[in-house]
> 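Quick one: structure below, then a few questions.
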Amino acid sequence: MPNTEVAAPRVYVVTGAGSGIGQASAAQLIEEGHRVIGVDLKNTEVVADLSTEEGIAGMAEEISQLTSVVDGVIANAGTSLQAPLDVAVNFFGAVGTVEGLLPLLNQSDAPRVCITASAASLHPAHDDLLEAMLNGDRATAAAIGEQLVAAGGMAGYLNYSSSKQAVTRWIRSNATTEGFAGAGISLNAVAPGVVITPMTEQLFATEEGRQQMEQGMPSPLNGPARAEDIAAAICFLTSTAAGKITGQVLFVDSGYDALTRGDSSW
């Protein structure tokens, strides 16, 4: 007979839940019967600015008042402004969210964490900016980010690509530590390629825009993804089924990683 057992409801925190991948992830989890505490700048259960230490601390405190346990943290909030705010949200915001919710994750029987990285983590990064982020030095990272913007051209993009590379390196460094693997917490990331959003839909509406997107990040498998495609991977990685997966960066990129790196991982 088919297995009709329904998974027990879990409690998830989803940052960036107001739109895009976060909204799609929250919707899938709710459809599966789980409780979702959404976090964003507006229109969510918890309103918080995750670019600041104060905002992260306030978010963690508010969530602790709403629940005594968190089974899954989806640190999805992010920006792509090619400015220091990318560093503040994509790296410090994501890491701060995970660390701030560790006490609640430790109360779960099957705790899971998934951070939204990016296939842009494969793009060039700024070494000094990476070092500042991985050392937890917000002030230095912000100063370097401003210098990159002032340099003009594509230099500002290094704020974004560096923030995504830094968060994937943080995951790889921390996944097997006592605080995560030792506590039974799986720690992974998804790395989307091009995702169709209201903003990119406008680009894909013209041949010039399509060529620009394809040249920057090709999508050989059925073209660009939709938010729901990324959400499906996130929801799997934060499910009870993913209990032996940790320290991984799952590229949901229509083949861009394989196209770019080939077999160099080995």
Side-chain angles (χ1 to χ4, degrees), residues 13-26 38-44 46-56 58-59 73-98 100 114-126 129-130 132-134 136-151 154-171 189-203 213 216-217 224-225 227 230-231 234 249 252-253:
V13 172
V14 181
T15 69
S19 62
I21 294 169
Q23 188 176 60
S25 299
V39 180
D40 213 318
L41 291 171
K42 59 182 180 180
N43 300 327
T44 48
V46 174
V47 174
D49 179 357
L50 301 179
S51 70
T52 69
E53 291 178 292
E54 295 77 15
I56 294 167
M59 174 272 301
V73 172
I74 297 171
N76 167 77
T79 63
S80 180
L81 300 174
Q82 303 184 24
L85 188 62
D86 294 345
V87 172
V89 177
N90 300 349
F91 180 77
F92 289 109
V95 171
T97 293
V98 174
C114 184
I115 297 175
T116 301
S118 171
S121 61
L122 302 176
H123 292 171
H126 190 280
L129 181 53
L130 283 171
M133 283 187 279
L134 294 171
D137 188 344
R138 277 180 172 266
T140 298
I144 294 172
E146 292 289 359
Q147 291 167 8
L148 291 171
V149 173
M154 289 298 295
Y157 178 75
L158 293 171
N159 280 291
Y160 180 73
S161 60
S162 299
S163 71
K164 294 300 188 178
Q165 186 176 131
V167 82
T168 60
R169 289 175 60 176
W170 181 85
I171 288 166
V190 293
V194 175
V195 181
I196 296 177
T197 65
M199 180 182 69
T200 58
E201 277 181 334
Q202 297 175 13
L203 287 171
M213 296 295 285
M217 192 173 285
I230 315 304
I234 290 172
V249 179
V252 190
D253 61 358

> Ignoring hydrogens and geometry, is there a side-chain-to-backbone donor-acceptor pair from Gln23 to Ala17 under 3.5 Å?
no

> Can you list everything that forms a side-chain hydrogen bond (donor to acceptor under 3.5 Å, both in side chains) with Thr97? Sequence neighbours excluded, please.
none

> Might you point out which heavy atoms bring Pro84 and Val149 nearest each other, and give the distance in Å?
CD-CG2, 3.9 Å

> Nearest 0.5 Å, please: how far is CZ in Phe91 from CG in Leu130?
9.0 Å

> For Tyr160, run the side-chain contact (heavy atoms from CB on, under 4.5 Å) check against Asp86, Leu81, Leu85 and tell me which one passes.
Asp86

> Quick one: does any side-chain atom of Lys164 pair with a main-chain N or O of Thr116 as donor and acceptor, under 3.5 Å?
yes

> Apply side-chain contact (heavy atoms from CB on, under 4.5 Å) to Asn43 and list each qualifying residue two or more places apart in sequence or on a separate chain.
none

> Where the side chain of Thr15 meets the backbone of Val39, is there a donor-acceptor pair that is under 3.5 Å apart?
no

> Are side-chain heavy atoms of Ser162 and Val87 found at a separation under 4.5 Å?
no

> In Å and rounded to the nearest 0.5 Å, what is the NE2 to CD1 distance from His126 to Ile144?
6.0 Å

> Nearest 0.5 angstrom please: Ser19 OG to Lys42 NZ, how far?
9.0 Å

> Can you measure from CD1 (Ile115) to CG (Asn90) and round to the nearest 0.5 angstrom?
11.0 Å

> Is the shortest side-chain heavy-atom distance between Met133 and Arg169 below 4.5 Å?
no

> Are Val98 and Trp170 close enough that some pair of their side-chain heavy atoms sits under 4.5 Å apart?
yes

> So which atom in Pro192 and which in Ala117 form the shortest heavy-atom distance, rounded to 0.1 Å?
CD-O, 3.4 Å

> Supply the atom-to-atom distance Gln165 CD to Leu134 CG, rounded to the nearest 0.5 angstrom.
8.5 Å

> Identify the heavy atoms of Asp137 and Thr140 that sit nearest to each other, and give their distance.
OD2-OG1, 2.7 Å

> Could you grab the distance from atom OG1 of Thr44 to atom CE of Met59, nearest 0.5 Å is fine?
11.0 Å

